[in-house]
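To start, the structure under review is shown below, and the notes come after it.
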Amino acid sequence: MGQVVAIGTAVVAAATGLVVPESSTDAIAMIRESIRTSIRAENPTLQAIANAEDPKDFVKKAAQETVDNVQAVEATRRETEERLGNGVQPIILPTAKEVEIAKARVHYQEGMFHFAVVGLAGSGKSSLINALRGLRNNERGAAEVGATGTTSTISRYPDPSSDNPFVWYDISRAGALLRPDWLYFNNQGLFVFDCIIVLLDNRLTRIDIDILANCRRFQIPTYIVRSKADVLVRNILEDMESDAGEGDDARHQSLYVQAREEFIAATRVTVQRALQDANLPDQKVYIVSSRNLCSIAKGGKLSQGIIHECELMKDLLEDARSRRCCSVGAA
């Protein structure tokens, strides 16, 4: 992460026992404003691709640029050379022409940030993209919810505010199972994006794992997100209350906290096991509801049911800023 933005006094949400920073939305607004007013460099992944002569060179340079730990750099180099020596291609570098084709396909704009969301149909991609853009599903300009694409398409959604240099993409996974992992990744031009959000349904699929692995090779930030948290926690709560019988408000609140923590713990364990099985490093899973995320994007009040919505928004914007922004005075 880049510069740390100070967070103010915490507010206790009495109904649920949750602790929510009261100035989180202010911190997010500060990061967003600094991005707006900064000078934006080229996407570092695309720079590395352009400057690399072969896959081994690319991975070594990318690791050196993004990992401070010398031992980690050396481990990355050894792993890459071993895989190449065994005839296993860890990364297929796109040619300059392929990069240009990928840029044209997504209507790539220099100076803008391009954020992709991938996930199964019905996992909540459209609602998540709308929320990140500060739009309710029924608002003008919102992505259509409930559409199920059957072709390999990419839908593009600019931020509704022209002041925000962000473009959001819904990436279809149709046809992914018919291609090797690297071929799907390259054919979709996923290497052009500043970050990729992998949206969970019930578990990480093989395609999700492939995307995470390729993003790691290309040094593209990824965020594993489980959406619909409010609905899923409510389902667990209803089961608990059905088993426990009638109770007062205090009992309901206690069961809500228990249901919430159960859902968070189960999701974390599922993701952690999938990453371990794939020999990928553990990483955080953000558990969110699109309703709460939209309120945060709009700069509204924080809900008592908030989980990781503020963290997702802050981490995404902070990583984007640290990768590509410099202050006007530093230019």
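In terms of the side chain to side chain donor-acceptor pair (under 3.5 Å) criterion, residue partners of R323 (sequence neighbours excluded) are, by chain and number, T45. By the side chain to side chain donor-acceptor pair (under 3.5 Å) test, S34 pairs with R321, sequence neighbours left out. Scanning for salt bridge (Lys or Arg N to Asp or Glu O under 4.0 Å) contacts around E139 gives K298, with sequence neighbours left out. With sequence neighbours excluded, the residues that form a side chain to side chain donor-acceptor pair (under 3.5 Å) with Q283 are T222. Considering only residues two or more places apart in sequence or on other chains, N137 meets the side chain to side chain donor-acceptor pair (under 3.5 Å) condition with S127, N130.
Between L199 and G124, the shortest heavy-atom contact is CD2-C, 3.5 Å. Considering every non-hydrogen atom in both D194 and M112, the closest pair reads OD2-O, 4.0 Å. In this structure, I209 and A274 approach most closely via the heavy-atom pair CD1-O, 3.9 Å. Listed here is the closest heavy atom pair of I35 and L317: CD1-O, 3.6 Å. Contact between N43 and V192 at its shortest, heavy atoms only, is ND2-O, 3.2 Å. For A297 against M313, the heavy-atom pair with the smallest separation is CB-CE, 3.8 Å.
Residues K228 and S290 form no side-chain contact, since every pair of their non-hydrogen atoms from C-beta on lies 4.5 Å or further apart. Inter-residue side-chain proximity for I196 and V118 is flagged as met; some heavy-atom pair is nearer than 4.5 Å. Looking at heavy atoms from C-beta onward, R260 lies out of side-chain contact with L237 at the 4.5 angstrom threshold. At least one side-chain heavy atom of F185 sits less than 4.5 Å from a side-chain heavy atom of C215. Residues F218 and P94 are in side-chain contact: their nearest non-hydrogen atoms beyond the backbone lie under 4.5 Å apart. Using a 4.5 Å heavy-atom cutoff, the side chains of L275 and L204 are in contact. Taking the side chain as every heavy atom from C-beta outward, I296 and I306 approach each other to under 4.5 Å. Y223 places a side-chain heavy atom less than 4.5 Å from the side chain of D319.
When atom types are taken as modelled, the side chain of S126 and the backbone of E144 share a donor-acceptor pair closer than 3.5 angstrom. The backbone N or O of D201 lies less than 3.5 Å from a partner atom in the side chain of R226, making a donor-acceptor pair. When atom types are taken as modelled, the side chain of K125 and the backbone of G119 share a donor-acceptor pair closer than 3.5 angstrom. No donor-acceptor pair closer than 3.5 Å links the side chain of S254 to the backbone N or O of A250. In this structure a side-chain-to-backbone donor-acceptor pair under 3.5 Å is present from R133 to P158. Remark: side-chain polar atoms of D208 are paired, donor with acceptor, to backbone N or O of T205 under 3.5 angstrom. When atom types are taken as modelled, the side chain of E309 and the backbone of S289 share a donor-acceptor pair closer than 3.5 angstrom.
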### Message
Set out, in order, the CA-CA distance, both residues' side-chain angles and the distance that settles side chain to side chain contact (heavy atoms under 4.5 Å, CB included) for T267 and L200, then state yes or no.
### Response
CA-CA 10 Å; T267 303; L200 288 176; 4.3 Å; yes
### Query
Going through the checks in order, is the side chain to side chain donor-acceptor pair (under 3.5 Å) test met by R136 and S295?
CA-CA 9 Å; R136 302 293 182 192; S295 295; 3.2 Å; yes
### Message
Pair V117, L128 - check side chain to side chain contact (heavy atoms under 4.5 Å, CB included), show working.
### Response
CA-CA 9 Å; V117 179; L128 181 68; 4.1 Å; yes
### Message
Applying side chain to side chain contact (heavy atoms under 4.5 Å, CB included) to C325 and I39, what does each step give before you reach the verdict?
### Response
CA-CA 6 Å; C325 293; I39 295 175; over 6 Å; no
### Task
Give the intermediate values and the outcome of side chain to side chain contact (heavy atoms under 4.5 Å, CB included) for residues N214 and L190.
CA-CA 9 Å; N214 278 285; L190 298 185; over 6 Å; no
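Atom CG in L46 sits 8.0 Å away from atom CD1 in I220 (nearest 0.5 Å). A distance of 7.0 Å separates CG in L316 from CG in L132, rounded to the nearest 0.5 Å. Put simply, CD on E318 and CD1 on I28 are 11.5 Å apart, with the number rounded to the nearest 0.5 Å. Here OG of S322 is found 10.0 Å from CD1 of I31. Values are rounded to the nearest 0.5 Å. With rounding to the nearest 0.5 angstrom, the CG atom of L312 is 10.0 Å from the NE2 atom of H308. Separation of atoms CG (D239) and CD (E262) is listed at 9.0 Å; rounding is to 0.5 Å.
Within a 6.0 Å sphere centred on CZ of R203, heavy atoms belonging to other residues, nucleotides or ligands number 12 at most. With a 6.0 Å radius and a threshold of 12 heavy atoms from other residues, nucleotides or ligands, R40 has its CZ atom above the threshold.
The distance between the ring centers of F166 and F115 falls below 6.0 angstrom. Not less than 6.0 angstrom separates the ring centroid of Y157 from the ring centroid of W168.
The residues R36 and D163 are annotated as not salt-bridged, no charged nitrogen and carboxylate oxygen being separated by less than 4.0 angstrom. Salt bridge annotation for D230-R234: absent, with no cationic side-chain nitrogen under 4.0 angstrom from a carboxylate oxygen.
Criterion: ILVMFWY side-chain heavy atoms under 4.5 Å apart, direct or through other members. Under it, Y169 and L135 are not part of a common hydrophobic cluster. Connection of Y286 to V231 is not established within any shared hydrophobic cluster, with ILVMFWY side chains joined at heavy-atom distances below 4.5 Å, either directly or through further cluster members. Both I224 and L280 are part of a single hydrophobic cluster, where members link through side-chain heavy atoms under 4.5 Å apart.
Listed by first and then second residue, the side chain to side chain donor-acceptor pair (under 3.5 Å) pairs involving residues 110-123 are K103-E110 (not counting sequence neighbours).
Remark: R324 is positioned above the aromatic ring of F113, its terminal NZ or CZ atom under 6.0 angstrom from the ring centre and at most 45 degrees off the axis.
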